[in-house]
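Values in this document were obtained by computation on a predicted structure and should not be read as measured data.
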Amino acid sequence: MPEAPFSRGAHHPPTAVPRAQPPYPAARAATAAPGDGSGLLTSLAPLLAEWLPRQRWFAGKGRPVTGFALVAATELLPCAAAGATPGLLHLLIRAQQPEPPGHRHGYGCGHRRGAAASDCYQILLGVRSALPPPLAPALVGRPDGGPLDGRTLYEALADPRLAGLLLERLRVPGRLGPLRFVREPATAIPAVLAPRLMTAEQSNSSVVYGDTFILKLFRRVSPGTNPDLELPLALARTDCTRVPAPAAWFEAAPPAEGAGPRPEPFTLGVLQPYLTGSADGWRLALDALTVRADFTDAARALGHTTAEVHLAMARALPTSVLRRRQIEHLAAGMSERLDSAAAAVPALQPYRAALHHAYEDLAALGRAGRTWSAQRIHGDLHLGQALLTAADPGGGGGRWSLIDFEGEPSRPLAERRRPQPPVRDIAGMLRSFDYAAAVGRHEDPQEWAGRTRAAYCAGYAEVSGSDPRDEPELLRAHETDKAVYEVVYEARHRPDWLSIPMSAIRRLAAGTSGRTSP
């Protein structure tokens with residue numbers, strides 16, 4: 001962690017860091033925030049109020065931004081008043097918004113009901129006197145007043161030079177104000193790799209460097225190690241090779257608040273190997289559906305991979321046992337989310353009572369003395385989080401890897417880091433097979449999904465020694481909880497897809513988890 005805390009909105013003194021190498025020599029002289037922090041925020045607030053809600057990774061859409069608070073501002077590259085060299089300003093900004101009613105019990109951040117929300121966002125601003133035409137779509141605006149008066153501000157990740165500077169910081173680690181850059185000692189990072197910003201990200205942003213590394217930057221951040229760093233690091237220390245190991249990362253120390261202990265650092269970004277030539281499971285499943293090809297062998301192999309990763313996480317990190325109190329709490333949380341979802345999406349109302357039975361059955365088993373093991377899990381497992389590498393030219397088949405261990409970003413970080421039943425990951429993947437069958441327009445989507453789900457569960461059992469279908473109440477409760485989440489998501493963001501989870505809701509309300517024998 002950094003040696004000393006920093007003050008919100010303060011001007012941080014220069015901090016020595018290892019000297020950067022060409023082609024970014026100006027990074028050697030980087031200092032902390034330009035000018036007075038309060039003046040900087042005052043000048044940026046009107047621009048951010050317009051720009052921030054338009055970003056795909058902004059979590060507070062549909063609610064007004066009522067104010068901003070500056071957590072930290074750090075110059076990664078000096079924002080000089082003249083010259084052709086762009087500046088790079090790193091910001092941590094809290095966006096204040098009213099909390100929607102009922103949010104506590106829904107699928108959100110878990111803030112106090114009716115209270116004001118205050119999410120912290122990581123923003124990287126490029127600073128130039130004028131913006132070159134290729135960067136015009138990245139424009140944020142021109143502040144009126146403040147230390148950057150009249151300068152042109154833009155999304156820095158769109159600028160290859162500034163995106164390259166981030167890699168240089170990770171290649172030559174050290175501290176800069178509140179920021180700390182860390183590299184795994186055994187990792188070699190080349191000095192120059194051409195960056196390209198990926199356009200498919202939603203809750204975060206990713207930059208690919210050459211075909212060697214990918215840097216994932218977390219946009220909404222909070223104190224505590226992000227699972228997308230914590231879990232791959234832990235797995236790298238086991239014999240599990242199914243998850244790309246972090247090569248480098250960076251973090252920030254949050255300001256101390258009151259007399260309590262200093263909060264844990266924010267995880268800001270993780271650099272991992274880029275799996276060149278790989279394809280994600282979602283695309284592969286849709287391709288198979290297009291040509292009516294079988295997908296059960298791939299699903300069985302993916303079950304193997306999931307079990308390998310679960311077993312490795314159980315070896316590397318603490319586990320626990322869920323007893324009556326924890327099981328009742330788990331079921332109660334699912335019931336509360338169902339009630340909140342049914343209030344938001346009327347289509348759920350006819351199935352509400354039947355769906356509650358799935359959670360009541362789970363709680364009844366806990367009261368009868370049943371226990372289940374809990375451990376760290378992926379947290380948001382679906383076909384898009386599984387990558388199959390290209391087949392070996394020598395004749396070997398492809399190999400599955402799992403990525404993106406962040407969990408559901410809308411959940412509080414403490415909840416995502418909590419041990420949970422592994423079946424939650426399995427339920428997520430089973431729901432993903434249902435989605436693929438529907439989107440791929442199979443003539444009998446339930447039949448295709450049933451075969452694929454059975455192959456996946458069989459593959460999981462072959463490695464773990466435990467078939468998730470042998471715990472029908474636990475599996476049904478988690479699959480129901482996931483389907484309810486999907487209904488809310490589709491109703492808000494993709495109403496044309498609402499019929500997909502609603503089909504599962506009808507099946508689950510009828511009392512079946514859709515088990516099919518392999």
Side-chain angles (χ1 to χ4, degrees), residues 5-12 31-81 86-100 109 111 115-131 135-159 162 177-179 203-205 217-223 252-257 266 268:
F6 58 96
S7 302
R8 181 178 286 120
H11 175 85
H12 311 301
T31 62
D36 174 69
S38 60
L40 175 67
L41 182 61
T42 299
S43 65
L44 294 182
L47 305 181
L48 294 178
E50 175 70 21
W51 176 80
L52 191 60
R54 299 201 308 263
Q55 306 314 300
R56 287 184 295 176
W57 40 261
F58 181 67
K61 288 182 170 59
R63 290 177 286 141
V65 176
T66 57
F68 295 99
L70 181 64
V71 176
T74 308
E75 279 187 316
L76 290 174
L77 196 61
C79 306
L88 176 56
L89 181 61
H90 182 279
L91 298 173
L92 293 175
I93 296 281
R94 290 197 182 278
Q96 298 159 351
Q97 297 180 273
E99 192 68 82
C109 302
H111 292 292
S118 181
D119 290 325
C120 184
Y121 291 94
Q122 176 180 197
I123 301 171
L124 293 101
L125 294 178
V127 182
R128 291 177 180 259
S129 56
L131 205 58
L135 293 176
L139 177 68
V140 174
R142 297 170 181 82
D144 184 10
L148 299 176
D149 182 34
R151 309 299 301 282
T152 301
L153 307 183
Y154 61 101
E155 168 57 70
L157 297 182
D159 188 334
L162 298 182
L179 305 183
S203 58
N204 298 293
S205 298
L217 292 108
F218 305 108
R219 290 300 196 161
R220 187 171 63 158
V221 298
S222 57
E257 296 182 0
F266 296 91
L268 300 179

Enquirer: Answer yes or no: is there a donor N or O on one side and an acceptor on the other, between the side chain of Tyr121 and the main chain of Leu91, under 3.5 Å?
Expert: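 The answer is no, because no donor-acceptor pair under 3.5 Å joins these two groups.
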Enquirer: What distance separates Ser43 OG from Asp149 CG, expressed to the nearest 0.5 Å?
Expert: 8.0 Å
Enquirer: Quick check for you: to the nearest 0.5 Å, what is the distance between Leu124 atom CG and Gln122 atom CD?
Expert: 5.0 Å
Enquirer: Is there a side-chain contact between Asp159 and Leu88, using heavy atoms and a 4.5 Å cut-off?
Expert: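 Of all side-chain heavy-atom pairs linking Leu88 with Asp159, none is under 4.5 Å.
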Enquirer: Go through the steps to decide whether Leu52 and Ile123 satisfy the test side chain to side chain contact (heavy atoms under 4.5 Å, CB included), and finish with yes or no.
Expert: CA-CA 9 Å; Leu52 191 60; Ile123 301 171; 4.2 Å; yes
Enquirer: For Thr152, what residues pass the side-chain contact (heavy atoms from CB on, under 4.5 Å) criterion, not counting sequence neighbours?
Expert: Leu131, Leu139, Arg142
Enquirer: Listed by chain and number, what are the ring pair (Phe, Tyr, Trp, His ring centres under 6.0 Å) partners of Phe68, not counting sequence neighbours?
Expert: none
Enquirer: Hey, does Leu76 have a side-chain heavy atom less than 4.5 Å from the side chain of Leu179?
Expert: yes
Enquirer: Check whether Gln55 reaches the backbone of Trp51 with its side chain - one donor and one acceptor, N or O, closer than 3.5 Å.
Expert: yes
Enquirer: Kindly compute the distance separating CZ (Phe218) from CH2 (Trp57), expressed to the nearest 0.5 Å.
Expert: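 One gets 14.5 Å once the value is rounded to the nearest 0.5 Å.
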Enquirer: Do Ser203 and Arg220 pair up side chain to side chain, a donor and an acceptor below 3.5 Å, judged on atom types alone?
Expert: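 Side chains of Ser203 and Arg220: no pair found under 3.5 Å.
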Enquirer: In terms of side-chain geometry, is the basic nitrogen of Arg54 or Glu155 positioned less than 4.0 Å from the acidic oxygen of its partner?
Expert: no
Enquirer: Looking only at heavy atoms, which two atoms of Ser118 and Gln96 are closest? And how far apart?
Expert: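 Taking every non-hydrogen atom into account, OG-CG, 4.1 Å.
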Enquirer: What's the shortest heavy-atom distance between Pro143 and Leu47, and which atoms?
Expert: N-CD1, 3.6 Å
